[in-house]
Asker: 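Pasting in a structure now, in structure tokens, and then I'll have a few things to ask.
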Amino acid sequence: MSSASPDKRRKMESALSQLKQYTVVVADTGDFNAIEQYKPQDATTNPSLILAAAKMPAYQQLLDQAIKYGIAKGGSEEEQIAHIMDKLFVSFGLEILKKVPGRVSTEVDARLSFDKDEMVAKALRLISLYEEAGISKERVLIKLSSTWEGIQAGKELEEKHGVHCNMTLLFSFAQAVACAEAKVTLISPFVGRILDWYKENTERKSYEPHEDPGVISVTKIYNYYKKFGYSTVVMGASFRNTGEVKALAGCDLLTISPSLLAELSQDHSAVTQMLHVDKAKAGDLEKIHLDEKSFRWQHNEDRMAVEKLSDGIRKFAADAIKLETMIKEKMLNVKNGQ
């Protein structure tokens, strides 16, 4: 039996293992070898992460299998590519689920961000591919952009189809309130991208973790959800440094890149729980309700959120197009017997 005091034990423990006592740690990567190393509960991907992973030699087999699947499905080139993309995203998800005990998040194409019905249809298609592979929808979170249309797609998927949703590209308090009212499973507010915007658009170029605008935003959302008993949980995302991660210890979940997971595993400083349900319930936030008009107005009033949401959608869409271009080149090779 260890004779070390709790304080001494904490000093010996890595910041990552301490963090796991307060928060569910999720790996933010499409590289499942990195997932195996840090043993997170869940994992999340997006088009940019899948694009990066699809370029790695280790994962060429998944890309080749998806291309064969898409070609076999037939139809126009556009339809075949859509099948290949769906299959590829789900194939990465299936590999990830072999490495994590919990859930994987799989993203709906950002180019559908303003089309509720198309987002619902794409989500159900992805879920059907998981189910064909023997994976229950309980182990999958469908990622949707937190536009008004995306939030309503999330509401419909949860209510009518029992499909759990992860609302991504979330920057404003208005987005967070609308997601809670839609009763989606989980939101992913972006910490680091908020910090990026403030560094680019104000005189201030550095922030201590407790003053970080991204940390402040997620703390407010967490406190609001807990004060008013919403079922939606908060998963802080898009971190730029370990200080931001530690400043949100106690958040329901945190999704962290492999490079920051590595830093946290080598860091032996004490991690303190910063977010608490009891403190949140005692806070002085007021409950608000947002219909479509008030949502659009309040979100529009937050210049940072408007710019980062549209920028995020454009970037994810651009990476989806790059992935499609890569697929087209490989399809030609397959069809030409190379």
Asker: Does Phe316 have Arg193 sitting over its ring (NZ/CZ under 6.0 Å from centre, angle to axis within 45°)?
Answerer: yes
Asker: Linking I/L/V/M/F/W/Y whenever any side-chain heavy atoms sit under 4.5 Å apart, do Val100 and Phe89 land together?
Answerer: yes
Asker: Please work out whether the ring planes of Tyr59 and Phe92 are parallel, tilted or perpendicular, with thresholds of 30° and 60°.
Answerer: perpendicular
Asker: Assess whether salt bridge (Lys or Arg N to Asp or Glu O under 4.0 Å) is satisfied between Glu95 and Lys99, documenting all intermediate values.
Answerer: CA-CA 7 Å; Glu95 292 299 323; Lys99 316 276 186 189; over 6 Å; no
Asker: For the atom pair CG (Leu94) and CG (Leu62), what is the distance rounded to the nearest 0.5 Å?
Answerer: 9.0 Å
Asker: Are the charged groups of Glu307 and Arg303 less than 4.0 angstrom apart, N to O?
Answerer: yes
Asker: Out of curiosity, Leu144 CG to Glu107 CD, how far, rounded to the nearest 0.5 Å?
Answerer: 8.0 Å
Asker: Calculate, to the nearest 0.5 Å, the distance between atoms CD1 and CE belonging to Ile81 and Met85 respectively.
Answerer: 8.5 Å
Asker: Flag yes if more than 12 heavy atoms outside Lys246 fall under 6.0 Å of its NZ atom; otherwise flag no.
Answerer: yes
Asker: What I want to find out is whether Glu156 reaches Lys116 closely enough, with some N-O distance under 4.0 Å, to be called a salt bridge.
Answerer: yes
Asker: Decide, yes or no, whether a salt bridge links Glu324 with Lys328 under the criterion of side-chain N to carboxylate O below 4.0 Å.
Answerer: no
Asker: Check Asn223 against Ala280 and note the closest heavy-atom contact, atom names and distance.
Answerer: OD1-CB, 3.4 Å
Asker: To check you understand the geometry: which heavy-atom pair defines the closest contact between Ile35 and Ala27, and what is its length?
Answerer: CG1-CB, 3.9 Å
Asker: If you count every heavy atom of other residues, nucleotides or ligands that lies below 6.0 Å from Glu286 atom CD, does the total exceed 12?
Answerer: no
Asker: Is it true that Glu158 and Lys183 have a side-chain N and a carboxylate O under 4.0 angstrom from each other?
Answerer: no
Asker: Quick check: closest heavy atoms across Lys137 and His161, and the distance to 0.1 Å?
Answerer: NZ-O, 2.8 Å
Asker: Checking side chain to side chain contact (heavy atoms under 4.5 Å, CB included) against Val163, which of Leu157, Thr185, Val140, Val120 comes through?
Answerer: Leu157
Asker: Could you grab the distance from atom CG of Asp117 to atom CD of Gln152, nearest 0.5 Å is fine?
Answerer: 11.5 Å
Asker: Look only at the side chain of Thr219 and the backbone of Val215, and say whether a donor-acceptor pair between them is shorter than 3.5 Å.
Answerer: yes
Asker: Quick one: are Glu211 and Arg204 in side-chain contact, heavy atoms under 4.5 Å?
Answerer: yes
Asker: Consider side-chain hydrogen bond (donor to acceptor under 3.5 Å, both in side chains). Of Asn166, Asn46, Thr106, Thr44, which one does Lys143 pass it with?
Answerer: Thr44
Asker: Are any non-hydrogen side-chain atoms of Leu186 and Asp252 less than 4.5 angstrom apart?
Answerer: no
Asker: To the nearest 0.5 Å, what is the distance between NZ on Lys226 and NE2 on His276?
Answerer: 13.5 Å
Asker: Any salt bridge linking Asp278 with Lys281? Criterion: basic side-chain nitrogen under 4.0 Å from a carboxylate oxygen.
Answerer: no
Asker: So do the side chains of Leu323 and Leu88 get within less than 4.5 Å of each other, counting heavy atoms only?
Answerer: yes
Asker: Please give me the minimum heavy-atom distance between Cys179 and Ile187, naming the atom from each residue.
Answerer: CB-CG2, 3.5 Å
Asker: Any sub-3.5 Å donor-acceptor pair from Glu181's side-chain atoms to Leu290's backbone N or O?
Answerer: yes
Asker: Indicate yes or no: at least one non-hydrogen side-chain atom of Phe171 is less than 4.5 angstrom from one of Asp302.
Answerer: no
Asker: Donor-acceptor pair, distance only, cut-off 3.5 Å: does the side chain of Thr202 make one with the backbone of Lys199?
Answerer: no
Asker: Are any of the side-chain nitrogens in Arg240 or Glu244 under 4.0 Å away from the carboxylate oxygens of its partner?
Answerer: no
Asker: Tell me if a side-chain donor or acceptor on Glu131 pairs with a main-chain N or O of Ala133 at a distance below 3.5 Å.
Answerer: no
Asker: With a 4.0 Å cut-off on N to O distance, would you call Lys293 and Asp291 a salt bridge?
Answerer: no
Asker: Looking only at heavy atoms, what is the nearest atom pair of Leu19 and Ile256, with distance?
Answerer: CD2-CD1, 3.9 Å
Asker: Just checking, any donor-acceptor pair under 3.5 angstrom between side chains of Glu13 and His268?
Answerer: no
Asker: Answer yes or no: is there a donor N or O on one side and an acceptor on the other, between the side chain of Thr45 and the main chain of Gly30, under 3.5 Å?
Answerer: no
Asker: With distance as the sole criterion, is a donor-acceptor pair present between the side chains of Asp267 and Ser269 under 3.5 Å?
Answerer: yes
Asker: Apply side-chain contact (heavy atoms from CB on, under 4.5 Å) to Met304 and Asn201, showing your working.
Answerer: CA-CA 9 Å; Met304 174 278 296; Asn201 291 279; over 6 Å; no
Asker: Look at the aromatic rings of Phe228 and Tyr230 and report parallel, tilted or perpendicular, splitting at 30° and 60°.
Answerer: perpendicular
Asker: After noting the C-alpha distance and the side-chain angles of Thr23 and Leu248, does the key distance pass the side-chain contact (heavy atoms from CB on, under 4.5 Å) rule?
Answerer: CA-CA 9 Å; Thr23 291; Leu248 290 171; over 6 Å; no
Asker: Using only atom types and a distance under 3.5 Å, with no angle test, would you say the side chain of Ser128 pairs donor to acceptor with the backbone of Arg125?
Answerer: yes
Asker: Taking the side chain as every heavy atom from C-beta outward, state whether Leu254 and Cys251 have any atom pair closer than 4.5 Å.
Answerer: yes
Asker: Determine whether a donor-acceptor pair (N or O, by modelled atom type, separation under 3.5 Å) exists between the side chain of Gln41 and the backbone of Val25.
Answerer: no
Asker: Is any side-chain heavy atom of Thr168 closer than 4.5 Å to one of Ser146?
Answerer: no
Asker: With the side chain counted from C-beta on, respond yes when Ser217 and Phe173 share a heavy-atom pair under 4.5 Å apart, and no when they do not.
Answerer: no
Asker: Judged by atom type as modelled, is there a donor-acceptor pair below 3.5 Å linking the side chain of Arg139 to the main-chain atoms of Gly102?
Answerer: yes
Asker: Do the side chains of Glu149 and Arg296 get close enough for a salt bridge, i.e. N-O under 4.0 angstrom?
Answerer: yes
Asker: To the closest 0.5 Å, what do you measure between CZ (Phe295) and NE2 (His299)?
Answerer: 5.5 Å
Asker: Which atom names give the shortest non-hydrogen contact between Pro189 and Val234, and what distance separates them?
Answerer: CG-CG1, 3.9 Å
Asker: So does Lys227 have more than 12 non-hydrogen atoms from other groups sitting under 6.0 Å from NZ?
Answerer: yes
Asker: Using only atom types and a distance under 3.5 Å, with no angle test, would you say the side chain of Gln60 pairs donor to acceptor with the backbone of Met56?
Answerer: yes
Asker: Is there a side-chain contact between Tyr130 and Leu97, using heavy atoms and a 4.5 Å cut-off?
Answerer: yes
Asker: Evaluate side-chain contact (heavy atoms from CB on, under 4.5 Å) for Tyr224 paired with Ile288, printing each intermediate quantity in order.
Answerer: CA-CA 10 Å; Tyr224 183 82; Ile288 60 172; 3.7 Å; yes
Asker: Is it true that the NZ or CZ of Lys87 lies under 6.0 Å from the centre of Tyr69's six-membered ring and within 45 degrees of the ring axis?
Answerer: yes
Asker: When you look at NZ of Lys160, are more than 12 heavy atoms from neighbouring residues, nucleotides or ligands closer to it than 6.0 Å?
Answerer: no
Asker: Distance only, no hydrogens: is a donor on one side chain within 3.5 Å (strictly under) of an acceptor on the other, for Ser48 and Asp319?
Answerer: yes
Asker: Give a yes or no on whether the backbone of Thr147 and the side-chain of Ser145 come within a donor-acceptor separation of less than 3.5 Å.
Answerer: no
Asker: Ion pair present between Lys122 and Asp86, side-chain N to carboxylate O less than 4.0 angstrom?
Answerer: yes
Asker: For Gln61, look at atom CD and say whether over 12 heavy atoms of other residues, nucleotides or ligands are found less than 6.0 Å away.
Answerer: no
